[in-house]
Amino acid sequence: MTIDINKIRKDFPILEELIHGKPLVYFDNAATTQKPRQVVDKLVEYYYKYNSNIHRGVHYLSNKSTDGNENARVIVQNFINAKHSHEVIFTSGATESVNLVANSFGNRFISEGDEVIVSELEHHSNIVPWQLICERKKAVLKVLPFNDHGELMIEKLDELITDRTKIVAVNHISNSLGTINPIRKIIEIAHAKNVRVLIDAAQSIQHKKIDVQDLDVDFLVFSGHKIYGPNGIGVLYGKEDLLNEMPPWKGGGEMISEVTFEKTTYNELPYKFEAGTPNYIDAIGLGAAIEYVENVGIENIDSYEQELLKYATQKLLSIDGLRIYGTAAEKTSVISFLVEGIHFYDMGMLLDQMGIAVRTGTHCTEPVMQHFGIDGTVRASFSFYNTKEEIDSLYNGILKVCKMFAVK
């Protein structure tokens with residue numbers, strides 16, 4: 001099967017919008033993806049026909065919403081090939097998922113003098129939670145560096161890990177450089193020394209097939225809005241034995257088994273980590289988004305996006321004074337760039353006037369920017385609903401901006 005781009009684009013009404021009188025060219029997919037009709041229709045269906053709080057109701061609407069929520073959990077389980085559906089915890093997003101692990105795993109397993117390893121490529125959401133737990137536990141945060149191509153220096157991981165290392169937390173794909181990290185190798189190195197691994201898949205779940213059992217990963221996190229689903233819903237996958245050992249992070253309804261003033265006992269997985277009223281309708285929307293992706297085919301999506309990346313890289317590198325940051329041999333559809341003599345904010349704002357949406361700034365990866373000695377970049381990130389014609393619009397738009405600034 002190949003991508004039927006005309007059919008695909010009809011599923012995303014926002015792509016027909018005009019911005020400043022120009023056709024929208026949406027190249028901010030790494031920040032959030034657009035939502036197909038199938039996802040929005042599913043949300044509307046449940047809000048209009050079945051909305052009711054889940055799990056504790058005995059009436060039809062509650063049962064219908066409960067079934068929808070738990071079916072979405074099974075959809076996620078099958079999509080990432082988890083062994084059990086109760087290994088899938090619904091959260092508000094990848095950020096909350098990392099915070100849950102940092103706090104719960106950290107409280108249970110990290111002590112004074114222990115170590116946590118993150119990479120220099122991480123999004124702030126996979127740095128700050130570990131800094132906080134390390135400060136609280138008087139543990140040590142260590143950093144795996146990357147080279148000037150944006151590739152992790154995996155050869156240094158062995159020497160970074162000691163008998164005090166408890167967990168390695170790295171992203172699968174860099175949101176600011178597009179680097180695809182060798183997570184299988186990272187997991188093998190860590191596990192050989194009995195160290196747990198968390199993989200931030202927020203930038204890979206929509207591009208690459210992920211099999212958590214095949215990878216043997218301990219924790220995996222991602223956000224729904226990055227994979228064409230609703231905002232405010234995310235996933236934490238964790239191995240059953242680990243999740244059972246970890247204490248609850250938040251207290252409230254659903255995560256309890258029995259409450260007295262003397263003692264509270266906790267619910268079984270996954271509910272132990274899902275305090276309060278769940279975001280059940282957005283979970284159902286996430287299930288619809290994953291079904292949409294599966295219908296298109298994740299391998300088809302990956303192949304087409306690689307075509308777009310190659311085409312865009314060649315086009316942009318032909319522009320005098322343009323430098324791409326992130327030139328790893330293994331990349332996904334992200335191009336971060338600067339044009340000499342033009343501030344990234346100026347480039348982004350002027351492209352916006354042409355209807356072209358790109359992201360500007362540090363992309364919540366300040367250590368990456370510090371590595372290159374820059375303040376930020378312009379980032380164009382592509383999805384399977386984008387086209388080569390849109391890349392041509394970006395290319396021509398950059399040339400127009402260069403002309404405005406008299407950059408040759």
Side-chain angles (χ1 to χ4, degrees), residues 11 13 35-97 99-100 104 205 221-238 240 243-244 246-295:
D11 289 335
K35 322 306 173 193
R37 296 178 187 273
Q38 291 84 341
V39 170
V40 177
D41 288 348
K42 181 63 70 173
L43 297 176
V44 171
E45 176 191 0
Y46 267 79
Y47 274 121
Y48 282 177
K49 296 177 67 175
Y50 308 118
N51 181 41
S52 177
N53 210 333
I54 64 174
H55 290 145
R56 291 177 293 278
V58 296
H59 56 83
Y60 173 82
L61 294 181
S62 180
N63 289 332
K64 183 73 174 178
S65 290
T66 299
D67 289 346
N69 184 81
E70 295 310 312
N71 180 60
R73 200 186 306 275
V74 172
I75 291 171
V76 174
Q77 174 202 355
N78 293 333
F79 187 59
I80 63 174
N81 193 33
K83 188 175 183 180
H84 307 289
S85 64
H86 57 251
E87 294 176 315
V88 174
I89 312 298
F90 285 131
T91 66
S92 66
T95 298
E96 187 185 29
S97 296
N99 276 275
L100 192 163
S104 181
I205 194 71
V221 308
F222 66 89
S223 297
H225 73 100
K226 308 279 192 183
I227 186 170
Y228 313 101
N231 287 29
I233 189 72
V235 167
L236 163 64
Y237 159 80
E240 179 184 41
L243 293 175
N244 278 326
M246 289 160 49
W249 177 37
K250 295 180 177 179
E254 201 56 45
M255 53 75 66
I256 60 92
S257 177
E258 184 178 358
V259 175
T260 69
F261 285 113
E262 291 71 34
K263 182 177 175 59
T264 292
T265 55
Y266 305 121
N267 207 341
E268 62 187 6
L269 294 176
Y271 312 114
K272 180 173 77 169
F273 294 108
E274 294 181 353
T277 297
N279 188 5
Y280 52 91
I281 290 186
D282 285 339
I284 292 166
L286 172 59
I290 289 174
E291 288 182 326
Y292 183 88
V293 166
E294 288 183 311
N295 186 53

* How long is the span from the CD atom in Q38 to the CG atom in L43, to the nearest 0.5 Å? -> 12.0 Å
* Asked: Does P247 offer a backbone N or O that forms a donor-acceptor pair with the side chain of S104 under 3.5 Å?
  -> yes
* Closest non-hydrogen atom pair between A72 and A283, with its separation -> CB-O, 3.2 Å
* Asked: Does the side chain to side chain contact (heavy atoms under 4.5 Å, CB included) test come out yes or no for I227 and L286, once each step is laid out?
  -> CA-CA 8 Å; I227 186 170; L286 172 59; 3.9 Å; yes
* **Derivation and outcome, side chain to side chain contact (heavy atoms under 4.5 Å, CB included), residues L236 and F273** => CA-CA 10 Å; L236 163 64; F273 294 108; 5.8 Å; no
* Polar contact flag, side-chain donor to acceptor under 3.5 angstrom, N53-Y280 -> no
* Taking all heavy atoms of H55 and all of T66, pick out the closest pair and write down the distance. => N-OG1, 2.8 Å
* In Å and rounded to the nearest 0.5 Å, what is the CG to CG distance from D11 to N295? -> 9.0 Å
* For E87 and L269, run side chain to side chain contact (heavy atoms under 4.5 Å, CB included): C-alpha distance rounded to whole Å, both residues' side-chain angles, the deciding distance at 0.1 Å, then the answer. => CA-CA 7 Å; E87 294 176 315; L269 294 176; 5.9 Å; no
* 4.5 Å side-chain heavy-atom contact, Y50 and D67 -> no
* Does some side-chain heavy atom of V293 sit less than 4.5 Å from a side-chain heavy atom of I205? -> no
* Structure fact -> To the nearest 0.5 Å, atom CD1 of I233 lies from atom CD1 of I281 at 11.0 Å
* **Rounded distance (nearest 0.5 Å) linking atom CG of D41 with atom OH of Y48** => 11.5 Å
* **Heavy-atom pair of closest approach, residues Q77 and S85** => OE1-CB, 3.2 Å
* To do: Compare all side-chain heavy atoms of D282 with those of F90 and state whether any distance is below 4.5 angstrom.
  => no
* **Taking every non-hydrogen atom, the tightest pair across G68 and Y46** => CA-OH, 4.0 Å
* Can you name the nearest heavy-atom pair linking V88 to V76, along with the distance? -> CG1-CG1, 3.8 Å
* Can you tell me how far the CG atom of N69 sits from the NZ atom of K64, to the nearest 0.5 Å? -> 13.5 Å
* Option passing side-chain hydrogen bond (donor to acceptor under 3.5 Å, both in side chains) with H86 (candidates E268, K272, E240) -> E240
* **Pairwise side-chain contact, S97 with I89, heavy-atom cut-off 4.5 Å (strictly under)** => no
* Do S65 and S52 have a side chain donor and acceptor closer than 3.5 Å? -> no
* Does E291 come within less than 4.0 Å of K42, counting only side-chain N to carboxylate O? -> no
* Checking side chain to side chain contact (heavy atoms under 4.5 Å, CB included) for the pair E96/W249: CA distance, chi angles, key distance, verdict? -> CA-CA 11 Å; E96 187 185 29; W249 177 37; 3.6 Å; yes
* Pairwise side-chain contact, P230 with K35, heavy-atom cut-off 4.5 Å (strictly under) -> no
